[in-house]
Each structure stands twice: as structure tokens, then as C-alpha cells.
Amino acid sequence: MKLNICHLYPDVLNLYGDTGNILCLQKRLSWRGIDCEVTKLPIGKNDDFSRFDLFFIGGGQDFEQEVLLRDLHSGKAREILSAVNDEKVFLCICGGYQMMGQYYKLQSGRQLDFIGAINMHTEGSESRLIGNYMFRCGEENGGSLVVGFENHSGKTYLDEGVSPLGQVLSGYGNNGEDGGEGVRHKNVFGSYCHGPMLPKNPEFADLLLQTALSRRYPEVLLPPLNDALEVSAHDYMAKRLG
Amino acid sequence: MKIKIFLAICACKASVFFLRLMGRGGTAIPGKIALKICPELLGHLGKNVRTIIITGTNGKTTSARMAEEIFAQSGLSYFSNRSGANLINGITAEFAGHAGLLGKPKKSFALIEADEAASKEVCRFLNPEVVLVTNVFRDQLDRYGEVTNTLESILAGVKNSPEALVCLNADCSLTVSIAEKIPNKVIFYGVSLPIYEEKVEEVSDAPFCIRCKHEYEYSYHTFGHLGGFFCSQCGYKRPAPDIAVTEILNRGENETSVMMDMFGSPEELSISIPGGYNIYNAAGALAISEAMGLDRDTAKKAIADFSWGFGRMEQFDMGKTKARMILVKNTAGCNQVINYLGNLRERSVFVFCLNDHIADGTDISWIWDVNFEKLCDLGEMLESVYVSGIRSADMAVRLKYAGIDGEKLRIFEDYGELISAMGSQELPVVIIPTYTAMMALREKMSAAFGGKQFWE
Ligand SMILES: [Zn+2]
């Protein structure tokens, strides 16, 4: 058994420890004796997207945004779009999450056009939505309680026909207005959750892995792991925010 | 005006006095009170003091302590903000503490470590004679995650220092960019070869050219994004340093010796503290010394005599064993500590204390960018890892995913229990705390084993 993971833009989208998500996926597979290969696709590098089971995109800084958009629009955007439509699993955090939408309208009025894989958009705001936060995933997304750290000035609005990943219990989430956090579209999971997201939310991490695994090996179920340390980090923050 | 200055200084001195009476050492509150009474106080107090400012993301404190040793051995009359209070309040209090009640300075020189964000104001008031910029890295306190923001703050400070001789790290592509935006005379210092035979793998904080956004190429790396960078598209590159480390002669567990080229003359230098990053700190301190025209042999001797600074490899006697404390603030700094630990030749206990107060950085996700995996290479040399602090559970999870054996991992929710566990065994201990964890631990360890409070 083997999963192929693609880490998109590890060279520029690497802020706030988000690469810890990749490490978490790798470890949780290897602890269960499942092989896994991680392919890094930095700017300028391409690959056959159809061979991957799971994609990860993190968040980055504005300085590299131009370089990134140039690369996206020179072909990767199209590849990503078709992988999304093939129902491949994606975990997209912060900047990577925004990128899956239609566009980002900066405060200056300038508009950055993104991949448009999901009917949603982001608007720049004066204030920064920052701090530890907590949300509960919808039933269709496993229903687990997720804790983490959000840090964004963009406010994301889901447009018609698109549902959030979960509902905010503490903190801001997508925009600090409608109570929604993140997005679930086909098998794309988008969120503002740093921390990084997966290590101390093992239930959610396993949901991603199970979804990816089920596409390739329909009858395989992930056996449970000893998550005592993970759960204790999770519960500490849940209690603090609760 | 004179009355206001007088009142502000009195209020500052009095509040420092009362805080100490209560057993507290802070300078931020006294400074704040003084600035409330007289907002321009720092400018008045700095008028007749020749000021040297040190700023940058990492290495400020150690560079400052090394420069201080040079000042002391050169016989200069100086003061410095030793306690690490590097924002405008603390710096103001430091100046007030070294002035008479009418604002007349008691010392000729001030050696000031300034926070990157505060450097703009601090430089405007103090009109420094020398400014040293150590480097620019991503810091977890930077809520925007943008290194270019930090760079802008530092540049604003340098621009407010029209008379200063500016010392810049030639190996940091971000820092070097300051040179072309200022008319000041610049001294570049750097390390012209890889520092480590083997170092941790790191993500670069500045992979793309600051001028044209093309990806940099490197002739060599020292650590992080530091090294022999050049841009093949626009020609932006590492400048030839005036003060360069050209060879590493000996890399000991307790010291390093190097060959340097200082304005064309070869010099052998012994640095009395280990850790590759301290080579930069020593070179930076020497750059200050050269900028001020101090005697070179005295400066070299001072670097050789230098002893541990506050929170930066301080040593504690714990009865049966000794502990070293190394403060960590961000990924780049912590990776340097991991490099250092990787060179230890003695079976040891490591202690990570992770807090998430404002002074530590409220977002602790940076620990996932640190290459803790490297610790596994230590094998038997690593006896055990203790974790503590507010976010000890997160730290434990990080170490688990780094591959640290669960048998070696112990979590202490209480500092008292942590300290007795450290003190009841005989192996050397290295404590790696974030800022507020360091302050708390220091106090508790001093109480348990004796030692000075930081303001003494
Ligand atoms: Zn260039």
C-alpha cells in the first residue's frame, strides 16, 4: 500500500510551520506500515498530477506572490483544477486556501486572479484576524473539534453553493462575520488553521488520509494509533478556548 | 522644559528604586512613566552621549555583550541596556539611570541593543555614531510573517542615523540591501566559507532576489539564507566584506578559533564561546570596534576573554551538575542551537521550555520549522529530553514527530519539579527556553541554587 503526496510550492509557501502537516501525514502513514512518497513541486517544476493522491499547499508571504502567480498561470493552475475535479484530496492552508478561490481583492483595489477551483473570494482588510482559535467540522467533514492558530488579513467569503469546513467556536474563521471556517469542496479541505493544523488534530488528519486511501484502496480502514500526546496538546487548547 | 526633564528623570529613578525594593528588575514601566512626563526625554538624555546601536533579528544581545567586553577592556566610560530591555521605554530608563537629575550624562558612551521595530524612534532620538545590523530573519513575533517588514523597520532606523558609520552583515541578502538606500559610509563584515561541516537543513527566509525577484544562487551557505548569494539576472550579490572570516582553524566544544581578514590584514582570533552563529557575533563586535577606531589587539583579546551573556549560554551550578541556558526566539536561532547541540561530545539532558506569552510570540508554530529531527542523530549522547512551559504538550508532540524516542521524553508541568529532576541527576543539562520561560526559570533556579538576579 502506498500514497503519493504532492507538496506544492514548498519554496515559497512555507510560513508558520505548515510543513509540519506533511511530516504528520508521513508519520501517521508509516506508523501504520503504509508507504508514502512526498514529491516537492517548487516554482518552475512540474510533474504528472494524475499520479498523486493527496496535495498540500501552505501559506506564504506577500513578497513572493508575483513569482507564484506567474508560475500558477503558466500552467499549474490548470493542472490543479483538473486534479480537484478528479476528486483528489487537497489540504490548503491560509494563502494556499485563498489561492483555490476566484480572486483576492487587495485593499488597494488591485485584484489578484487565482485558480478559481472553488466559488469563493477573498478581500483584504485593515485589521488582522489573529490568535488561537477553535472550530467544529461539519458532520459531513467528520465532525471533529479542531484547534489551531489563525493569522490572516484576508477575509474569505464562500459564494453560492459552497459550504464551510466547519463552524467557529472561538476566534474569527473565514471572515469574522458569518461564523464559517474553511471550505469543503469535493475533496478539497481549505482552512486558515496554522499550528500546524494536523499534528494536534489527529482525528482530522486521519480523515484526510482515509479519504485519500479510500480512493485508491476502497476497502482499507486506517487502524487507530496511540494519540495520547496529540490529544493532550489538542485538549489543552480546547480547554483554554472553551 | 528643564523642569519637565527633571521631573521625568526623578520619576524614572524613583520607580526603578521602588521596583527593586519590591524585588523586581523591570525598566519598561519607569521608562514609560518618564516618557509620559517628557516625550522627548530620550533625545535630551542622548545629546551628549556617543551612542552605538545594535539591531537585527538574531545575535543582538551576544554581539552587544562582546562589544561591551571590548569597551570595558579599552577603558571607555560607557553604559548599556544589559537587561535586554530593548524597546524605547527600557532604553529611556537606561539613559535616565546613567544621568544626573538635570539630565547631565555620567558616561561618555552608550551601547544600545534596539529591537528592530523600535530602532526607527531610538535612532531618531539618539543620532548614533555607529549602527550594526546583524541580520534579518523571520521572527515569530512578526505577526505579518513578512521579513521585508522587519527590513523596512531597520532601514527606517538607519535612515534616522545620518552621521552613523553603518556595519552590515555582508552574507545576508536582506541586510545588504540597506547599503544602497543610504548615503552613509558602510563597513561590511561576513564569513567567507561554510561554518559547519554538517548543518541542519533549513528553509530559506529569502530565496528570491530583493531587487528583481529572481532566485538566488549561492557559492556557499553558512546558515539560513546567509552565505555567498548572487543573482544571475540583475547582478545583485554579496559584497566583498571589509572584515571577513576566512578560515576556521579550530572548532572546540567551548571555543572557536578563526583566521580573519580585517581591512587587508590577516588576524587570528579566538572566540571564547562555541556555536557557529557566535562567529558572526564576534565579527559584528569587531566591526563596531573598527568603526570606532579602537585598538585592534585589545578588541581581539576581549573577544577571547568574553564570558556567557544573559540567557545566551549562561551557566548555572546545580549542585551535582551544571546547566547551560540558551534562549531561543525563532526558527533560525533555534536551528543554530540544534547545530550546537549536535556537536556535543558529552552525554546530556536537554530541556525545552515553550511559553506563548506576548514576549515569546503567541504563535508557537515555528517549532515545526526547526530541525529537531537532527537531535535523533545524537543517539546515546542524548540521555533524555525534558519539556516544560505553557505549551509543553505541543513541544512534546513536535519531538514525537521528530522521532525522539518516547522513553526519553518527560513532560513537567511544574518548574519546581523540573528543577529538582535536573538537579537530582549528574549529567550536564542544556536548557532551551523561550523568553518568559527563561525569566521564570532563572528566578526559580537562582532561588534553588543561588545566583544573581539579572539586573545585578
Ligand atoms: Zn536580482
Side-chain angles (χ1 to χ4, degrees), chain A residues 10-12 14-28 30-31 42-44 59-68 70 93-95 128 130-132 147-153 193-200 202 226-237 240, chain B residues 138 140 142-152 174 201-210 212-216 233 330-331 334 354 356 358 361-373 387 389-404 406 409 411 413:
Chain A
D11 50 342
V12 287
N14 54 25
L15 222 50
Y16 307 118
D18 285 333
T19 46
N21 289 319
I22 292 275
L23 177 65
C24 178
L25 294 170
Q26 274 176 303
K27 291 280 180 180
R28 298 186 73 79
S30 89
W31 288 332
I43 282 175
Q61 33 178 13
D62 294 341
F63 180 74
E64 279 106 10
Q65 203 150 47
E66 270 171 59
V67 192
L68 183 68
R70 212 184 303 145
I93 302 293
C94 202
R128 209 166 174 83
I130 185 167
N132 292 301
V147 294
F149 195 92
E150 60 179 328
N151 185 355
H152 50 115
S153 63
C193 186
H194 296 294
M197 185 183 196
L198 299 184
K200 60 171 176 279
N226 177 356
D227 287 330
L229 287 178
E230 290 86 339
V231 168
S232 126
H234 174 278
D235 290 356
Y236 164 75
M237 188 45 73
R240 186 161 134 181
Chain B
R138 200 180 273 165
Q140 95 282 8
D142 175 13
R143 55 214 302 252
Y144 299 97
E146 292 274 338
V147 283
T148 45
N149 285 353
T150 312
L151 180 61
E152 286 302 318
L174 296 163
E201 268 185 54
E202 303 172 81
V203 172
S204 171
D205 287 352
F208 296 95
C209 179
I210 185 123
C212 76
K213 303 206 171 186
H214 186 74
E215 194 170 358
Y216 287 122
Q233 183 163 289
N330 51 33
T331 304
C334 197
L354 182 63
D356 67 351
I358 287 170
T362 53
D363 177 11
I364 53 139
S365 57
W366 61 275
I367 60 173
W368 289 83
D369 289 327
V370 175
N371 200 328
F372 288 108
E373 282 74 8
V387 297
I390 300 170
R391 302 300 295 269
S392 56
D394 282 84
M395 192 66 222
V397 172
R398 173 68 191 100
L399 293 170
K400 174 182 175 182
Y401 281 83
I404 301 289
L409 198 61
I411 303 175
E413 288 186 12

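Protein chains get the first letters and strands the later ones, always in sequence-line order, with residue 1 at the start of each.
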For this session: Drop me the distance from B:Thr362's OG1 to A:Asn151's CG, to the nearest 0.5 angstrom.
Result: 8.0 Å
Exercise. Picking from B:Thr331, B:Asp205, B:Asp356, B:Leu409, which has the most non-hydrogen pairs under 4.5 angstrom with chain A?
Worked result: B:Asp356
For this session: Under 4.5 Å, counting heavy-atom pairs only, tell me which of A:Met237, A:His234, A:Lys27 racks up the most with chain B.
Result: A:Lys27
Exercise. Quick one: OG on B:Ser204 to CG on A:Asp11, what's the gap to the nearest 0.5 Å?
Worked result: 10.0 Å
Exercise. Quick one: are A:Phe149 and B:Ser365 in side-chain contact, heavy atoms under 4.5 Å?
Worked result: no
For this session: Measure distances from B:Ile411 to the heavy atoms of chain A and classify the residue's part below 4.5 Å as side chain, backbone, both or neither.
Result: side chain
Problem set entry | B:Asp394 side chain to A:Ala233 backbone, donor-acceptor under 3.5 Å | no
For this session: Go through A:Thr19, A:Asn21, A:Asn132, A:Leu15 and name the one with the most non-hydrogen pairs under 4.5 angstrom from chain B.
Result: A:Leu15
Problem set entry | Which residues share a side chain to side chain contact (heavy atoms under 4.5 Å, CB included) with A:Asn14, sequence neighbours left out | B:Arg138, B:Val203
Seminar exercise, completed: Heaviest contributor of heavy-atom pairs below 4.5 Å to chain B, chosen from A:Glu230, A:His194, A:His152, is A:Glu230
Exercise. A:Asp235 versus chain B, heavy atoms under 4.5 Å apart: side chain, backbone, both or neither?
Worked result: neither
Exercise. A:Leu229 versus B:Arg398: any side-chain heavy-atom pair under 4.5 Å?
Worked result: no
Exercise. Hey, are the side chains of B:Arg391 and A:Tyr236 touching, using non-hydrogen atoms and a 4.5 Å cut-off?
Worked result: yes
Problem set entry | Any residue meeting side chain to side chain contact (heavy atoms under 4.5 Å, CB included) with A:Arg70, in chain and number order, not counting sequence neighbours | none
For this session: Taking the side chain as every heavy atom from C-beta outward, state whether A:Ile43 and B:Glu215 have any pair of such atoms under 4.5 Å apart.
Result: no
For this session: Taking the side chain as every heavy atom from C-beta outward, state whether A:Ile130 and B:Asp363 have any atom pair closer than 4.5 Å.
Result: no
For this session: With A:Lys200 as the cation and B:Trp368 as the aromatic partner, state whether NZ or CZ is under 6.0 Å from the six-membered ring centre and within 45° of the axis.
Result: no
